[in-house]
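Reckoned from all heavy atoms, side chains included, excluding hydrogens, waters and symmetry mates.
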Amino acid sequence: MPSIIDQTLFSEPSGRPLGLVFLCGALLLAGQQGYYVIVEGATPFYATLFISVGMALSGIAESLPKPRRREAGVLRLTALAVLVSLLVTIFLAPDLITA
């Protein structure tokens with residue numbers, strides 16, 4: 001009996017449209033961060049970078065061809081690890097994110 005984790009993480013990639021949405025979202029967040037840091041001279045908000053990296057990894061995972069289930073699962077796990085590390089950092093050392 002396959003587990004829910006195996007069914008969710010290592011399922012076939014859903015296809016190009018969802019991957020394109022994730023990749024565009026990551027690009028928009030990174031562009032916004034770059035604008036505020038370079039043009040406006042603001043201090044970087046690292047939470048935005050964590051979120052954009054997680055979204056980019058998810059977008060790449062969903063953009064893979066359908067037979068590449070294992071690679072998509074590894075990318076999804078990596079994206080999940082990046083986003084969970086953001087949550088852990090927010091709770092344990094919020095000064096690292098906001099400073």
Side-chain angles (χ1 to χ4, degrees):
M1 179 169 163
S3 69
I4 187 117
I5 295 172
D6 188 38
Q7 291 174 350
T8 304
L9 288 176
F10 295 103
S11 64
E12 290 183 355
S14 61
R16 306 257 185 235
L18 185 61
L20 189 61
V21 169
F22 280 129
L23 287 171
C24 286
L27 184 64
L28 284 173
L29 283 174
Q32 173 194 13
Q33 180 73 17
Y35 172 79
Y36 283 119
V37 170
I38 293 171
V39 175
E40 299 292 326
T43 58
F45 187 58
Y46 296 108
T48 307
L49 296 176
F50 273 90
I51 294 170
S52 68
V53 167
M55 286 180 69
L57 288 170
S58 295
I60 293 169
E62 296 303 324
S63 296
L64 291 175
K66 293 208 182 280
R68 304 191 84 181
R69 292 175 51 184
R70 182 170 293 161
E71 291 87 355
V74 169
L75 285 170
R76 288 178 188 136
L77 282 174
T78 307
L80 190 61
V82 167
L83 295 173
V84 167
S85 69
L86 171 65
L87 288 176
V88 169
T89 305
I90 286 173
F91 285 120
L92 295 180
D95 295 341
L96 293 176
I97 298 294
T98 59

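- Heavy atoms from other residues, nucleotides or ligands lying under 6.0 Å from CD1 of I38 number 12 at most.
- When all heavy atoms of A30 and S52 are compared, the closest pair comes out as N-CB, 4.3 Å.
- For the atom pair CG of L57 and CZ of R76, the computed distance is 12.0 Å after rounding to the nearest 0.5 Å.
- The side chain to side chain donor-acceptor pair (under 3.5 Å) contacts involving residues 24-40 comprise Y35-E40, where partners must be two or more places apart or lie in separate chains.
- Taking all atoms of both residues into account, the shortest heavy-atom contact from G59 to S63 is O-OG, 2.8 Å.
- Note that CD1 of I90 and OH of Y46 are 14.5 Å apart. Values are rounded to the nearest 0.5 Å.
- The shortest non-hydrogen separation linking L96 to T89 is CB-CG2, 4.2 Å.
- Between the CG atom in L28 and the CG atom in L23 there is a gap of 11.0 Å [rounded to 0.5 Å].
- Of all non-hydrogen atoms in G54 and A79, the two that sit nearest each other are O-CB, 3.5 Å.
- Separating the CG atom in L18 from the CZ atom in F22 is a distance of 4.5 Å, to the nearest 0.5 Å.
- Counting only heavy atoms from C-beta outward, the side chains of V84 and V88 approach each other to under 4.5 Å.
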